[in-house]
Amino acid sequence: MLTPESLALIDQEIAKYPPEHKQSAVMSALRIAQQELGWLSKDTIEYVAAYLDMPAIAAYEVATFYNMYDLAPVGRHKITLCTNLPCQLQGADRIAERMQAKLGIGFNETTADGRYTLKEGECMGACGHGPLCLHNNHTLHTHLTPESVDKLLDDMA
Amino acid sequence: MSLNTPDSQVCLWTLAHDDPASLATYTANGGYQALRKILADKTPAEAIIAEVKTSALRGRGGAGFPTGLKWSFMPRSVPGPKYVVCNSDEGEPGTFKDRDILIYNPHQLIEGMIIAGYTLGATAGYNYIHGEIFEQYQSWERALAEARAAGFLGSDILGSGWDFELYAHHGYGAYICGEETALLESLEGKKGQPRFKPPFPASYGLYGRPTTINNTETLASIPWILRHGGQAFLELGKPNNGGSKIFSISGHVNKPGNYEIPLGTPFAELLEMAGGVRDGHRLKAVIPGGSSAPVLPADVMMDLTLDFDAIAKAGSMLGSGAVIVMDETVCMVRALERLSYFYFEESCGQCTPCREGTGWLYRIVHRIEQGKGRPEDLDELVRIGRNIGGNTICALGEAAVGPVISFVKHFRAEFEHHIEHKRCLVEN
Amino acid sequence: MPLIEIDGRKLDVAPGATVMDAANQAGIHIPHFCYHKKLSIAANCRMCLVEVEKVPKALPACATPVTDGMKVKTRSVKAIAAQKGVMEFLLINHPLDCPICDQGGECQLQDLAVGYGDSASHYREPKRVVKDKELGPLIATDMTRCIHCSRCVRFGQEIAGLMELGMPGRGEHTEVMPFLETQVTHELSGNVIELCPVGALTSKPFRYAARSWELSRRRAVSPHDGLGTNVQVHVKNGRVYRVVPQENEAINECWIADRDRYSYEALNGEERLTVPLLREGDAWVEASWQDALERVAAGLARVLENRGADAIGGLVSAHQTLEEIYLFTKLLRGLGVEHIDHRLAQAGATVGAGARWLGMPVAALDDLQRVLLVGSTLRKEQPLVAQRLRKAVKRGAQLNVVHSVDDDLLCQVAGKAIVKPSALGDALARVAVALVEAGAPLATAATLAGVTPDDAARTIAASLLGGERKAVLLGAVAQNHADADRIHALAGAIATACGATLGFLTPAANGVGAQLAGALPGPAGMNATQMLAQPRAAYLLLGVEPELDAHDAAAAGTAMRNADFVVQLTAFRTAASDYADVLLPIAPFTETAGTYVNMEGRVQTFHAAVAPRGEARPAWKVLRVLGNLLNLGGFDHDSVEAVRAEVLPQGQDGIAAHLDNTSPADAGVPTAAGDGIERLGETPIYQLDPLTRRAPALQATADAAEPAAWLHGELLARLGLEAGGRVRVIQAGGEVVLPVKRDDRLAIDTVRIAASHPLTAALGARLGGIRLERA
Ligand SMILES: Cc1cc2nc3c(=O)[nH]c(=O)nc-3n(C[C@H](O)[C@H](O)[C@H](O)COP(=O)(O)O)c2cc1C
Ligand code: SF4
Ligand code: FES
């Protein structure tokens with residue numbers, strides 16, 4: 001189900017923990033699987049659970065507990081905008097409006113062409129650089145302005 | 001800006017250098033010397049703990065617990081695996097200091113964790129890094145590889161005969177994992193649900209083994225303390241509040257950012273360093289220690305110094321040192337609504353008062369914000385808050401209640417206006 | 001010992017105890033939901049908050065360790081305020097519709113809300129609604145009622161050993177659910193019904209059938225496996241509505257297996273036989289008891305007269321009561337019949353010096369440190385013994401297995417030898433020799449010359465030599481084996497060599513009782529397998545379904561069909577309708593008084609919970625009348641107690657002297673393992689006895705799936721078969737076509753095909769050679 005590259009990455013994570021605690025690698029393994037497949041289907045979760053010798057339901061608990069896992073397909077570009085208080089004070093609301101207007105979708109929606117999904121996020125630990133958003137979970141874009149948002153979205157292929 | 005200079009800085013001094021994160025920059029400026037000396041001298045753990053106690057270093061993760069004392073709880077002679085864990089799950093709204101340590105001074109954290117491992121008798125260490133800062137996770141992994149290559153990690157470190165390994169663990173979006181026992185559960189590959197204490201991590205931690213958990217900034221301060229002496233660290237700050245501390249200032253200031261300044265610095269000075277309140281506006285309120293800290297009105301805040309004791313005396317807390325500044329344009333109902341939503345969203349769901357209470361609080365504040373408040377709502381918020389506070393497994397319950405009670409206390413008129421007039425006092 | 005004070009009462013408590021433990025010790029009730037004495041501490045419901053002097057916060061009693069000098073107040077203003085606060089939170093999102101909830105009347109939340117709830121709710125916001133989950137045929141859900149105590153999840157993780165339920169989601173979106181809505185299959189799954197303190201998880205077959213306060217509760221003993229599980233039978237208007245656990249720490253603790261819980265459905269089913277039936281040509285006609293019994297007496301007398309007692313066989317089920325089995329045996333012996341047996345599934349049954357038994361108390365299983373499990377599909381044979389052994393493993397015991405399949409026991413297994421059925425004895429011989437190699441004394445060492453141990457045997461031997469408190473336990477496959485005596489002897493030798501106790505896991509509720517009652521062949525008698533292989537002219541059957549119960553189903557079917565005269569005493573219409581001459585309706589366990597002797601030799605008696613259905617009568621009364629009709633003396637017992645006094649004059653005290661696990665055979669005599677493909681034919685968990693076979697909810701579970709031919713992947717490849725296809729299975733002249741499935745945990749050359757099943761009743765020996773052809 002996963003490529004040898006992904007499995008190699010998962011194996012690297014497993015190696016960090018005592019052999020009898022492979023389950024510790026489940027968060028990374030789910031991240032790596034999601035990175036490859038775009039989202040986490042139940043089949044994927046079951047596969048990861050089996051790979052780590054843990055019950056599927058326990059892996060599913062993890063997948064549903066942490067915000068950054070996607071349990072349904074998302075657009076090619078998932079943009080998670082922090083709307084928490086510090087970012088709100090620094091103008092996150094205007095950024096949200098701009099993004100929604102430009103893409104024609106609300107939070108938790110995906111554009112019809114499957115390119116963009118918008119999500120509302122909680123604090124990303126970078127408040128001084130807000131407003132900010134996370135692109136596909138791993139790339140932070142800071143100091144957003146209504147103008148820079150346009151360009152940012154356009155530049156996402 | 002005189003205070004925010006490399007000399008007085010424990011953690012962010014590398015920013016004055018060209019290549020702040022590199023091993024070269026770090027070693028050229030005394031990095032890893034403390035570790036070398038400890039290993040060469042075979043310094044007894046007790047001596048190191050005594051030095052940390054002298055420094056009056058208090059935990060930078062929020063609770064301000066004296067680090068030396070915490071370290072003395074670790075049963076280092078218990079056979080079998082023991083762990084040191086670094087809490088880099090910085091997710092408290094307003095806090096963004098640990099990410100800068102991870103990017104700009106990763107080796108000082110690594111050295112701090114190795115020394116902690118040595119002192120605490122640990123066999124391995126994990127650094128739990130907040131989900132949303134994947135780039136920092138990767139860069140810190142690179143720094144680990146450098147340190148490993150340089151012989152600071154692995155077996156027979158620097159020929160001392162002592163073995164120790166460090167690993168990074170990446171979170172994936174759950175504020176609660178900042179709570180130390182939720183972090184341990186998460187590290188074990190489970191939902192991040194806090195454990196009831198006792199037993200404390202020192203006796204029953206990661207995989208049920210003795211474990212010491214400290215914040216990133218706490219651990220990064222250790223090499224400095226051992227190199228310059230606990231007394232020097234203490235003297236950077238004030239009694240019982242040793243050292244400098246990174247303050248993350250955000251919100252309505254001209255220059256939001258991190259400022260590492262001595263504990264005890266007046267808030268007014270920090271505000272000035274941050275360029276003052278947003279142009280043309282007046283200070284209204286400040287949350288001095290991350291979103292969980294009770295809000296303080298401008299006048300109270302302007303008289304305060306930034307240290308654990310002074311802020312506690314004023315009825316709030318220094319917490320993680322996250323200072324959220326609000327000017328007069330802020331609707332306090334709306335601000336509280338957003339914070340209440342955060343705690344509702346982030347409650348792990350395990351224990352009853354928090355799972356049920358945070359939703360209840362948010363829904364009432366939301367209703368008030370929507371102009372559907374009722375006169376009895378404000379007392380009800382306080383009543384519900386009191387039923388949550390103190391009755392939960394972890395401190396998220398209290399954290400959720402702190403803002404509600406303090407906002408209603410200091411800005412009651414604004415809430416009453418919302419209820420009575422079904423609209424905002426500020427935004428109209 | 002810490003000295004503490006609770007509500008002003010001074011107490012000496014054990015170190016490490018919690019405040020909850022201390023309160024329980026003092027008989028002080030602290031309200032709680034998530035706490036359960038058999039589960040780990042979660043401290044999540046917060047209902048047990050109490051005040052502890054000098055501590056500012058209220059503390060959860062369930063999780064707070066006592067310290068010397070601690071002063072606890074469970075009913076102080078502060079404690080009550082905290083408890084009331086928690087109760088308010090629990091109720092805001094809980095439906096307040098007790099009158100329509102199935103848990104109404106036995107709901108811990110309802111009970112406590114009366115004491116702690118406010119009369120009117122302050123909560124004005126919308127209530128949460130949670131989608132119900134499909135958990136299969138046994139458990140109904142009403143998930144909006146869930147209070148997140150996590151007991152059901154911890155039960156799976158900690159007691160069942162299989163995490164089938166979890167709590168995905170976060171915060172108030174956390175919901176109890178299985179990973180897929182087909183996955184609650186564990187044989188102990190129904191226990192979550194009692195664990196759930198509210199009406200979120202309830203019994204599906206019982207749903208909306210009755211209210212708890214309308215039901216009378218009668219104690220009984222489960223009629224299924226040999227554990228002797230204590231149950232409560234809940235009845236209303238002469239009908240059994242449900243069966244729930246009766247706590248007995250020494251036997252079943254507070255658990256019961258799903259078959260103990262749901263088999264009652266068969267009692268009320270359409271298949272019950274409620275009038276005596278006589279064959280008239282090809283038809284069955286209803287008859288009076290008098291006529292029916294006269295027909296039986298006359299028929300038996302005729303066979304006796306024409307062909308002698310040797311022409312008669314008596315087969316009795318070990319799920320019948322001690323008294324019934326005893327009178328059955330007494331009657332046949334009175335007629336001079338020696339072919340009597342209750343061990344239908346056993347191919348090589350011999351008569352030992354005494355009754356074979358567990359060899360130790362059931363509760364001692366928890367404390368074992370080393371175990372060798374021989375020929376047992378443990379979870380399906382003995383669900384609660386499996387639970388106890390998992391507990392032992394958790395406490396550090398090493399479990400070793402010699403079997404033909406490496407089924408998941410849901411706990412760690414130290415050493416295992418997985419071999420085809422005919423090689424079980426050889427595998428044990430290798431373990432025995434490995435013990436000798438390791439220096440253990442073995443009485444029969446000389447006769448095992450030539451046996452060389454392999455790694456598996458050495459691993460098992462090394463494990464068995466460590467630790468204290470050990471057992472070698474023989475399961476159904478070992479007992480049913482044609483070579484059972486040799487397996488028994490080898491197991492005994494191994495046990496002696498490593499200082500273990502030898503024990504039998506008796507598959508039926510009254511397996512030990514049947515032996516004590518003497519339901520065994522006489523000196524010149526044949527055992528069950530023999531009397532079916534060499535058909536008799538007449539059979540008297542009590543509670544048995546020979547074509548399902550026998551070791552060789554095909555032979556049993558042939559014997560029955562060819563017999564001149566077959567009488568079946570049965571609670572149900574069975575396949576005997578095809579061959580019997582008289583069907584006598586007898587009362588199942590809920591409708592008669594009686595006794596079971598469980599695997600540890602414990603005598604447990606029970607009363608009838610309800611009156612017999614229709615014309616059905618307790619079998620002991622039927623047999624008494626029959627004895628009189630046949631003019632046999634000594635059939636004038638006026639009560640079940642009188643029968644019991646005859647068979648067990650000293651009651652429990654007399655039992656020990658009759659228990660004996662010594663082997664009649666020599667361990668050394670090797671029987672060559674066959675070289676062909678062999679069948680592993682076990683009784684599926686819900687085919688154990690007439691009740692389980694007819695319980696609709698149990699029959700709808702995954703464990704009751706139609707039989708298939710299960711093969712190791714290697715064997716599949718060798719035979720050119722494919723999983724998912726079908727295969728013709730030929731054995732003893734009979735054949736059936738079955739779906740092919742793959743299971744690499746099977747020994748190679750082993751085909752697992754369920755026995756005791758109508759769809760495989762055409763096949764021969766449970767453990768014997770078998771041929772497969774592409775269908
Ligand atoms: C809800 C909650 C969130 C927390 N988040 C963090 C965090 O992000 N980083 C952190 O270091 N400590 C956090 N803490 C505090 C930790 O539990 C713990 O006290 C700290 O990591 C100890 O390190 P220190 O003694 O060095 O401060 C949090 C506590 C709670 C209750
Ligand atoms: S946590 Fe809860 S249930 Fe559990 S007993 Fe304690 S408080 Fe109770
Ligand atoms: S509040 Fe937005 S990143 Fe912290």
Side-chain angles (χ1 to χ4, degrees), chain A residues 12-13 15-18 20-32 34-35 49 52 54 58-69 80 82-90 92-93 119-130 132-134 136-140 142-143, chain B residues 81 88-99 124 126 130-136 138 165 167-175 177 186-193 207 248-252 255-258 287 291 322 324-327 330 334-335 338-339 341-342 345-346 348-349:
Chain A
Q12 271 177 30
E13 295 293 332
K16 293 178 177 177
Y17 309 96
E20 67 277 24
H21 296 292
K22 266 164 109 172
Q23 180 170 344
S24 280
V26 68
M27 292 181 65
S28 299
L30 290 172
R31 161 176 45 87
I32 292 161
Q34 172 167 299
Q35 214 53 28
L52 298 173
M54 65 188 284
Y60 189 61
E61 283 189 337
V62 169
T64 53
F65 188 86
Y66 300 90
N67 280 351
M68 291 164 68
Y69 297 114
T80 314
C82 175
T83 59
N84 209 311
L85 182 62
C87 279
Q88 185 185 74
L89 295 173
Q90 288 159 200
D93 290 3
K119 296 241 172 198
E120 204 170 357
E122 290 302 344
C123 183
M124 302 183 182
C127 321
H129 311 278
L132 45 81
C133 70
L134 197 57
N136 285 342
N137 294 327
H138 292 174
T139 313
L140 203 61
T142 61
H143 302 101
Chain B
S88 296
D89 191 35
E90 178 171 71
E92 172 91 3
T95 315
F96 48 96
K97 62 189 181 65
D98 297 336
R99 76 190 301 268
Y126 291 94
H130 193 51
E132 284 85 347
I133 54 170
F134 187 67
E135 287 155 326
Q136 281 70 22
Q138 287 184 313
E165 249 317 336
Y167 306 99
H169 182 100
H170 188 222
Y172 226 53
Y175 163 68
C177 292
S186 182
L187 203 41
E188 291 181 5
K190 304 176 196 158
K191 297 201 285 181
Q193 294 195 318
Y207 308 127
S248 303
I249 185 162
S250 64
H252 291 152
K255 289 193 285 173
N258 281 325
I287 301 177
S291 65
I324 305 172
V325 175
M326 293 177 264
D327 68 20
V330 174
R334 217 168 142 235
R338 187 60 187 86
L339 289 181
Y341 181 78
F342 171 71
E345 163 72 20
E346 298 293 341
C348 87

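In what follows, chains carry the letters A, B, and so on, assigned in the order in which the sequence lines appear, proteins first and then strands, with residues in each chain numbered from 1. Values in this document were obtained by computation on a predicted structure and should not be read as measured data.
- Within the 4.5 angstrom heavy-atom criterion, only side-chain atoms of A:Glu13, from C-beta onward, approach chain B.
- For the pair A:Ser24 (side chain) and B:Leu187 (backbone), a donor-acceptor distance under 3.5 Å is present.
- Under the ring pair (Phe, Tyr, Trp, His ring centres under 6.0 Å) criterion, B:Tyr207 pairs with A:His21, B:Tyr83, sequence neighbours left out.
- Side-chain contact between B:Tyr172 and A:Gln34: present, with at least one pair of heavy atoms (C-beta onward) separated by less than 4.5 Å.
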Given the rule in the side chain to side chain contact (heavy atoms under 4.5 Å, CB included) test, do A:Tyr17 and B:Tyr126 qualify, once you have shown the distances and angles that lead to the verdict? CA-CA 9 Å; A:Tyr17 309 96; B:Tyr126 291 94; 3.5 Å; yes
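- If you tally non-hydrogen atom pairs under 4.5 Å between each of B:Gln136, B:His130, B:Glu90 and chain A, the highest count goes to B:His130.
- The main-chain N or O of B:Gly192 is found under 3.5 Å from a side-chain atom of A:Tyr66 such that the two form a donor-acceptor pair.
- Contact of A:Thr139 with chain B is made through backbone and side chain together, with heavy-atom distances under 4.5 Å.
- Between the CD atom in B:Glu132 and the NE2 atom in A:His138 there is a gap of 10.0 Å [rounded to 0.5 Å].
- Two residues are said to be in side-chain contact when any heavy atoms from C-beta on lie closer than 4.5 Å; A:Lys16 and B:His169 fail this criterion.
- Most heavy-atom pairs under 4.5 Å with chain A, from the set B:Gly131, B:Gly257, B:Ser248: that is B:Gly131.
- Residues A:Cys123 and B:Gly91 approach most closely at CB-O, 3.5 Å, considering heavy atoms.
- The two residues B:Ser186 and A:Met27 come nearest to each other via the heavy atoms OG-SD, 3.1 Å.
- For B:Glu135, the parts sitting under 4.5 Å from any heavy atom of chain A are the backbone and the side chain alike.
- Residue pairs satisfying the salt bridge (charged side-chain N to carboxylate O under 4.0 Å, His left out) criterion with at least one member in residues 58-67 of chain A, sequence neighbours excluded, are absent.
- Note that the NE2 atom of B:His170 and the CD1 atom of A:Ile32 stand 11.0 Å from one another [nearest 0.5 Å].
- Within the 4.5 Å cutoff, no side-chain heavy atoms of B:Glu92 are placed close to those of A:Asn84.
- Neither the backbone nor the side chain of A:Gln12 comes within less than 4.5 Å of any heavy atom of chain B.
- You'll find the side chain of B:Lys190 stays beyond 4.5 Å of the side chain of A:Met54, heavy atoms only.
- Residues B:Ser250 and A:Cys127 approach most closely at CB-CB, 4.1 Å, considering heavy atoms.
- The distance from atom CD of A:Glu122 to atom OH of B:Tyr175, rounded to the nearest 0.5 Å, is 10.5 Å.
- The two residues B:Arg99 and A:Ala126 have their closest heavy-atom pair at NE-CB, 3.6 Å.
- At a threshold of 4.0 Å, the pair B:Arg338-A:Asp93 does not count as salt-bridged, since none of the basic side-chain nitrogens sits closer than that to a carboxylate oxygen.
- Within the 4.5 angstrom heavy-atom criterion, only side-chain atoms of B:Glu346, from C-beta onward, approach chain A.
- To the nearest 0.5 Å, atom CG of residue A:Leu85 and atom OH of residue B:Tyr341 are 15.0 Å apart.
- When atom types are taken as modelled, the side chain of B:His252 and the backbone of A:Leu89 share a donor-acceptor pair closer than 3.5 angstrom.
- The nearest pair of heavy atoms linking B:Pro256 to A:Gly128 is CB-O, 3.6 Å.
- The side-chain heavy atoms of B:Phe134 and A:Arg31, taken from C-beta on, include a pair separated by under 4.5 Å.
- For the residue pair B:Ala174 and A:Phe65, the shortest heavy atom distance occurs at CB-CE2, 3.9 Å.
- Using a 4.5 Å cut-off between heavy atoms, A:Leu140 contacts chain B through both its backbone and its side chain.
- Heavy atoms of B:Cys348 lying under 4.5 Å from chain A belong to its backbone as well as its side chain.
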